[in-house]
Amino acid sequence: MAKHPESLMMTQGYRPEWSEGALKCPIFQTSTFVFKNAKEGQDFFELAYGLRPQKPKESLGLIYSRLNNPDLEILESRLCLWDRADSAAVFSSGMAAITTTILEFTTPGDVILYSEPLYGGTAHFFNTILPRFGVKAVPFAAAKGPESARKELDKISAKGRLAMVFIETPANPTNDLVDITACAKFAASYSTKKRRAVLAVDNTFLGPLWQRPLSLGADLVLYSATKFLGGHSDLIA
Ligand SMILES: Cc1ncc(COP(=O)(O)O)c(C=O)c1O
C-alpha cells in the first residue's frame, strides 16, 4: 500500500546506515566533502556541471555544500512529497529562490506578467532590478485576473516573449486570491512551439498542505520557507 506523505516525511531520503545508524538525520556541518580519489572527484564535477550525460543508475556524489549537502537533499526530497513535484531546490532564503528562478527563466527582451499585490521584496526585484537586465515586468490586479493585462501584453507583442506568469496567492499582505488554473491557461495562450510561458506560484501563505499549485496547472511552486513551512520563526530558507 502506498504510504501518505505524512508517513513518508519521517524517513524519506535518509539512510541511517550512512550516518552511524543514527535514527534521526545529523546536521552535516561541512562546506566540502572528501573524494575517494581524484578520478571520483572528476566524475562528480562533470556530472554536477552537466559536462556529460548521467550514466544508468549513477547518482551525483557529494561535492560542496553550495552544490549539494545531505540535509538539503533530504529536505528537497521531502518537499517534493507534499507538492507532488518532480524535483526541488532549496535556497538560503525565499528571495534567493525567487530571484534565482526568474534569472534562470528570463533573458533580455523578455516579459514577465505578475499579480499585484506581491510581497514587497519580490515587487522591488521585478520593478527595480529586472529592468536593468532588459526584462519588462507587467502587473495585473489580482482581483481582475490575468485577462485584464491582455491588451497591454498584445500592445508590446508579448507572444513568444512572455517568459513567465508569476503569481502570489494568497497575496502578502492582503490575502488577495488569484485563479491558478486561469493563469495556466492564460500563460499557454502566450506560448509558442519554440517557447513555453511558465506559470510560477508563490505558495508561501497556504503552503503545500492546503494548496498544491502543480495539480492546478502551475509549472513551478516557490516558498519563503522562513514562514509557515519553517513554522517557528527560527530560520530563513
Ligand atoms: C509571500 C512571500 N514570498 C517571499 C518572501 C521572501 O522570503 P524570505 O524572507 O525568506 O526571503 C516573503 C517574505 O515575507 C513572503 O511573504
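Start at 1 and go down the list; that is how both ligands and their atoms are numbered. Keep in mind it's a predicted model, so treat the numbers as computed, not measured.
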- So with a 6.0 Å cut-off around CG of Leu51, is the heavy-atom count from everything else above 12? yes
Considering only N or O atoms, set out every pair between ligand 1 and the protein closer than 3.5 Å, with distances to one decimal place.
unit_1   : atom_1 : unit_2 : atom_2 : d
ligand 1 : 3 (N)  : Asp202 : OD2    : 2.6
ligand 1 : 7 (O)  : Ser224 : OG     : 3.0
ligand 1 : 10 (O) : Gly94  : N      : 2.9
ligand 1 : 10 (O) : Ser224 : OG     : 2.8
ligand 1 : 10 (O) : Thr226 : OG1    : 2.6
ligand 1 : 11 (O) : Gly94  : N      : 3.1
ligand 1 : 11 (O) : Met95  : N      : 2.9
ligand 1 : 14 (O) : Lys227 : NZ     : 2.4
ligand 1 : 16 (O) : Asn172 : ND2    : 2.8

- Not counting sequence neighbours, which residues clear side-chain hydrogen bond (donor to acceptor under 3.5 Å, both in side chains) with Arg15? List them please. Glu17
- With Gln42, the side chain to side chain donor-acceptor pair (under 3.5 Å) member among Lys39, Glu46, Glu40: Glu46
- Output all residues satisfying salt bridge (charged side-chain N to carboxylate O under 4.0 Å, His left out) with Asp83, sequence neighbours left out; order by chain, then residue number. none
- Item | From Arg195, Arg161, Lys136, residue fulfilling salt bridge (charged side-chain N to carboxylate O under 4.0 Å, His left out) relative to Asp110 | Arg195
- Message: Which residues pass the side-chain hydrogen bond (donor to acceptor under 3.5 Å, both in side chains) test with Thr30, not counting sequence neighbours?
- Response: none
